[in-house]
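The structure appears below as structure tokens.
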Amino acid sequence: MKEPPNRELIDKAIRASIADTLDMPMSDIRSDVDIGEYGADSLVVALIAGDMEKKFGIPVPDSDDINGLSTINDLTTYFLEAALKVNTP
């Protein structure tokens with residue numbers, strides 16, 4: 001079983017996904033800012049979820065589960081907890 005990703009790795013992956021999707025430098029994306037301020041919407045969040053599944057094997061959540069998550073910190077916590085559940089025997 002592979003080791004679950006850590007918080008830093010998930011945060012970086014989410015910021016990279018947003019940067020790629022919105023065509024902006026990753027260095028301009030802060031983890032504590034509402035992603036809507038960067039122009040991200042529910043479609044971007046769905047793309048991020050797909051990226052987390054591809055990179056870390058974290059299942060794509062129902063949209064209801066991630067609807068209220070507005071910052072990268074929120075998303076990172078959600079995906080980290082999901083990764084721990086997936087990787088716990």
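Count residues from 1 along the sequence. All values derive from a computational prediction rather than experimental measurement.
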Determine whether Met24 and Val45 fall in the same hydrophobic cluster, where Ile, Leu, Val, Met, Phe, Trp and Tyr are linked whenever their side-chain heavy atoms lie under 4.5 Å apart.
-> yes
Please answer whether the main-chain N or O of Val44 pairs with a side-chain N or O of Asp41 as donor and acceptor at a distance below 3.5 Å.
-> yes
Thr77 and Arg7, any side-chain heavy atoms less than 4.5 Å apart | yes
Ala40 versus Leu22, closest heavy-atom pair with distance = N-CD1, 4.0 Å
Reported OG1-to-OH distance for the pair Thr21 and Tyr38, which is rounded to 0.5 angstrom = 14.5 Å
Does the side-chain contact (heavy atoms from CB on, under 4.5 Å) test come out yes or no for Ile35 and Thr71, once each step is laid out?
-> CA-CA 5 Å; Ile35 61 173; Thr71 67; 5.7 Å; no
Does one hydrophobic cluster hold both Leu47 and Tyr78, with members joined at side-chain heavy-atom distances below 4.5 Å?
-> no
In this structure, CD1 of Ile48 is separated from CD of Glu53 (nearest 0.5 Å) by 14.5 Å
Value rounded to 0.5 Å, distance of CZ in Phe79 from CD1 in Ile58 = 6.5 Å
Residue pairs involving residues 24-38 (criterion salt bridge (charged side-chain N to carboxylate O under 4.0 Å, His left out); sequence neighbours excluded) = Arg30-Asp32
Met52 side, atom CE; Thr76 side, atom OG1 - distance, nearest 0.5 Å = 8.0 Å
What side-chain donor-acceptor pairs closer than 3.5 Å can you find for residues 13-20, not counting sequence neighbours?
unit_1 : atom_1 : unit_2 : atom_2 : d
Arg15  : NE     : Asp11  : OD2    : 2.9
Ser17  : OG     : Asp51  : OD2    : 2.5

